[in-house]
Amino acid sequence: MTSVLAPPPQGSDLKPVPGVPGVPYIGSTLAVMRDPIGMARKRYAEYGAVSWGWLLGQRMVTVHGPEAAEVVLVNRDKAFANGPAWSYFIGPFFNRGIMLLDFEEHLHHRRIMQQAFTRPRLHSYMDAMAPGIVKGVESWEPGQGFKVYDHIKKLTLDLAVDVFMGVELDDAERARVNGAFIDAVRAGTAYVRFPVPGLRWHKGLRARKVLEEFFYRHLPAKREGGGGDLFAALCQAETDDGERFTDEDVVNHMIFALMAAHDTTTITLTTMAYYLAKHPEWQERLREQSFELGKAQPGFDDLDAFTGIDMVMKESMRLVTPVPALPRKVVKDTSVLGFHVPEGTTVVVPMLSNHHMAEWWSDPDRFDPERFSPERREDKAHKYAWAPFGGGAHKCIGLHFAGMQVKTILHQVLQRYRWSVPARYEWPLDTTSLPSPKDGLPVRLEPLEQ
Ligand code: HEM
């Protein structure tokens, strides 16, 4: 039965948010986790752009479409906060990461952090990353049942140690830090959300301690010695007004950045590999472009030549959006597209289903990278039609870094291997948290004849 979220203030011409709340706390959580796009389409058809229901234990207002996304992400009247919304999902493991800060405090941190993502910095991250990518990709063993997701995940985690931390680690310490990092990420999706020894939440808290201890131990040397890695960059970052991060800030931001960078890049590359296996004509097209460059190791400025990889990357992030939904907590009464949204509500921008709206995309479920070609540019229909990196004050600070890493890795893979899946294979995608293939995406990996 339809029920409104809250009556608008007397005398206002705002409308109340409609919806079918469902069972308190649970609502349509399971159905949304199983089929986020189908459920969003149904909701949009029944209630329009703004509606509410119980989801993931909260009264959740979902705002569909790019116009509503713009209102929430641009956040002109500072009514939508990140910290209280995201910390509900990622718990204490990413405490005071920049994405969890808001308004003035966020801006202060963002200004400093920007210094770690300048063009010269990106150049040095790329130099630091290149040998590790070649080594990692060369170590792959061709054959049947090669699990793309697992290999990419390992590669990006190993790269994180080189490019993010820039610290020489022996095998035991690398395994300890990597393990702690994996436990911290996994803890955010725990069902039991308090510490019970042996369960995810407890492991996550322990992992956070391991990571803190690791970064504090290496911090004095980084402050002193510098380097081309992100850790050194955050230690040295300084605005024109002389603002710098404290030790505590550096540690919090490093732990958060590792998380923000890792799973997102992994799923983007894995999705690209999936569609390139399903569409061998695209795989060949990208391979040709890679060989045309005539350089085994592209430099930062060469990446613009990979126009095919760029279109496939954009299309893959549209079809399988790495951060499928962006939550915000409403900190004062506000409105979205003429609907009254009261303080205390959680609002969610469903970026994944926005990317599948027939109102904005032609044949939205089809893999069609050409929609991003200069002739078509379907994404230009609205500034927020394609927004896998978010928008507004919290827009992904690592988007150029991500593009650089994804393109460099794919270039190295295309030059060495060809991969395929059986014609009828459809990957089983787990959408209960950030998307990932339940089967690890097994492909047949073959070395290219030289
Ligand atoms: C394909 C890869 C990536 C995707 C799809 C992605 C997506 C996103 C999205 C959607 C947000 C905004 C979240 C919100 O508004 O609530 C975000 C924020 C952020 N991302 Fe990324 N990201 C990627 C890679 C990276 C990388 C490689 C880094 C670091 C090197 C990074 C660092 C961050 C940080 C620090 C924030 C928070 C920014 C702030 O709050 O000011 N991301 N990312």
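Whatever order the structure lists them in is the order used to number ligands and atoms, beginning at 1. What's counted below: heavy atoms across the whole structure, side chains too, no hydrogens, waters or symmetry copies.
- In summary, the side chains of Q115 and R244 do not present any donor paired with an acceptor at a separation below 3.5 Å, with no hydrogens or angles considered.
- Judged by distance alone, the side chains of E243 and H108 do bring a donor and an acceptor atom under 3.5 Å apart.
- Comment: D247 does not engage K222 in a salt bridge, judged by the lack of any side-chain N to carboxylate O separation of less than 4.0 angstrom.
- Looking at H253 against ligand 1, nothing comes within 4.0 Å, counting heavy atoms.
- Remark: ligand 1 atoms within the under-4.0 Å shell around heavy atoms of N82 are 16 (O).
- The single protein non-hydrogen atom nearest to atom 7 (C) of ligand 1 is P388 O, 3.6 Å, given as residue, atom name and distance.
- Of all protein heavy atoms, the one closest to atom 13 (C) of ligand 1 is M99 SD, 3.6 Å.
- Every atom of ligand 1 is numbered from 1 in the order shown, and the set under 4.0 Å from a heavy atom of M317 is 1 (C), 5 (C).
- Excluding waters, the protein N/O/S atoms found under 2.8 Å from atom 21 (Fe) of ligand 1 are C396 SG.
- Checked for salt-bridge contact, D310 and K314 meet the test: a charged N lies under 4.0 Å from a carboxylate O.
- Looking only at protein heavy atoms, the nearest one to atom 15 (O) of ligand 1 is R328 NH2, 2.8 Å.
- Taking 4.0 Å as the cut-off between side-chain N and carboxylate O, E138 and R416 count as a salt-bridged pair.
- The shortest contact between atom 1 (C) of ligand 1 and any protein heavy atom is with T268 OG1, 3.3 Å.
- What sits closest to atom 36 (C) of ligand 1 on the protein, heavy atoms only, is F256 CE2, 4.0 Å.
- Ion pairing between K153 and D263 holds under the 4.0 Å rule for side-chain N and carboxylate O.
- A salt bridge is defined here as a Lys NZ or Arg NE, NH1 or NH2 lying under 4.0 Å from an Asp or Glu carboxylate O, and E213 with R217 meets this definition.
- A salt bridge links R96 with E105; the closest basic N to acidic carboxylate O contact falls under 4.0 Å.
- The P322 neighbourhood of ligand 1 comprises atoms 5 (C), with distances under 4.0 Å to a heavy atom of that residue.
- If you check the side chains of T239 and D241, you find no donor sitting under 3.5 Å from an acceptor.
- With ligand atoms numbered from 1 in the order given, ligand 1 contributes 30 (C) to contacts under 4.0 Å with heavy atoms of F117.
- Between W361 and H356, the closest heavy-atom pair is CD1-N, 4.4 Å.
- Under 4.0 Å from ligand 1, not a single heavy atom of L101 appears.
- Residue contacts with ligand 1 for Q405 are absent, since no atom lies close enough (heavy atoms, distance under 4.0 Å).
- Protein heavy atom closest to atom 12 (C) of ligand 1, with residue, atom name and distance, is H394 O, 3.5 Å.
- The single protein non-hydrogen atom nearest to atom 38 (C) of ligand 1 is R110 NH1, 3.4 Å, given as residue, atom name and distance.
- Residue contact check: W86 has heavy atoms under 4.0 Å from atoms 14 (C), 16 (O) of ligand 1.
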Before giving the answer on side-chain contact (heavy atoms from CB on, under 4.5 Å), spell out for M165 and R174 the whole-Å C-alpha distance, their side-chain angles and the decisive distance to 0.1 Å.
CA-CA 11 Å; M165 305 182 196; R174 187 179 276 256; over 6 Å; no
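- Between Y275 and V312 there is no side-chain heavy-atom pair separated by less than 4.5 Å.
- Aromatic ring orientation, F146 versus W140: tilted (interplanar angle from 30° to 60°).
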